[in-house]
Amino acid sequence: RAYEEGIGWLNESLIVKLSSFLALKDFKAELYNMGMRDVVARDSGGRIVSLTFNFVQHMQECKEQLGRWGKKWCDSVK
């Protein structure tokens with residue numbers, strides 16, 4: 001169970017399901033190449049990765065970018 005205190009980073013996060021178990025290292029490199037250098041990508045088990053951003057607005061902008069080029073890497077972005 002998650003409590004509001006101490007989980008503020010979830011408000012600035014996206015959950016991504018990668019299309020391959022082996023793609024995390026390459027996906028992190030692609031984020032960097034696409035200009036998302038300040039995004040923190042955390043392995044959340046299996047093919048699930050949480051992406052944490054500095055601001056909600058930045059998260060929303062990057063979610064749009066992921067919608068365009070992320071289909072190569074991701075089965076879903078939420």
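Please read these numbers as outputs of a predicted model, since none were measured by experiment. For this chain, numbers begin at 1 and follow the sequence in order. What's counted below: heavy atoms across the whole structure, side chains too, no hydrogens, waters or symmetry copies.
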**Q.** Note, Phe53 side chain near Cys62 side chain (heavy atom, < 4.5 Å)
**A.** yes

(Q) To the closest 0.5 Å, what do you measure between CG (Leu66) and NZ (Lys72)? (A) 13.0 Å

Q: Indicate yes or no: at least one non-hydrogen side-chain atom of Val49 is less than 4.5 angstrom from one of Ser44.
A: no

Q: Identify whether Val77 and Leu51 are in the same connected component of the hydrophobic contact network (ILVMFWY, side-chain heavy atoms under 4.5 Å).
A: yes

Would you tabulate the side-chain donor-acceptor contacts of residues 19-28 under 3.5 Å, counting partners in other chains and residues two or more places apart, or write 'none'?
residue : atom : partner : partner atom : Å
Ser19   : OG   : Trp73   : O            : 3.0
Ser20   : OG   : Leu22   : N            : 3.2

Q.
If you apply the rule side chain to side chain contact (heavy atoms under 4.5 Å, CB included), what do you find for Ile48 with Ile15, and how did you get there?
A. CA-CA 7 Å; Ile48 306 298; Ile15 304 300; 3.6 Å; yes

Q: For residues Glu12 and Phe55, report the shortest heavy-atom separation together with the two atoms involved.
A: CG-C, 3.9 Å

Acceptor/donor pairs from residues 29-38 side chains to any protein atom, 3.5 angstrom cut, sequence neighbours excluded:
residue : atom : partner : partner atom : Å
Asn33   : ND2  : Ala29   : O            : 3.3
Asp38   : OD2  : Asn54   : ND2          : 3.1

Q: Kindly write out the residues that satisfy side chain to side chain contact (heavy atoms under 4.5 Å, CB included) with Lys71, not counting sequence neighbours, or none if the list is empty.
A: none

Q. Once you round to the nearest 0.5 Å, how far does OG of Ser50 lie from CG of Leu14?
A. 9.5 Å

Q.
Can you list everything that forms a side-chain hydrogen bond (donor to acceptor under 3.5 Å, both in side chains) with Asp75? Sequence neighbours excluded, please.
A. Arg47

Q) Given side chains that start at C-beta, do those of Val39 and Thr52 come closer than 4.5 Å, heavy atoms only? A) no

Q: Mind jotting down which residue pairs meet the salt bridge (Lys or Arg N to Asp or Glu O under 4.0 Å) criterion with at least one end in residues 50-64? Sequence neighbours excluded, please.
A: none

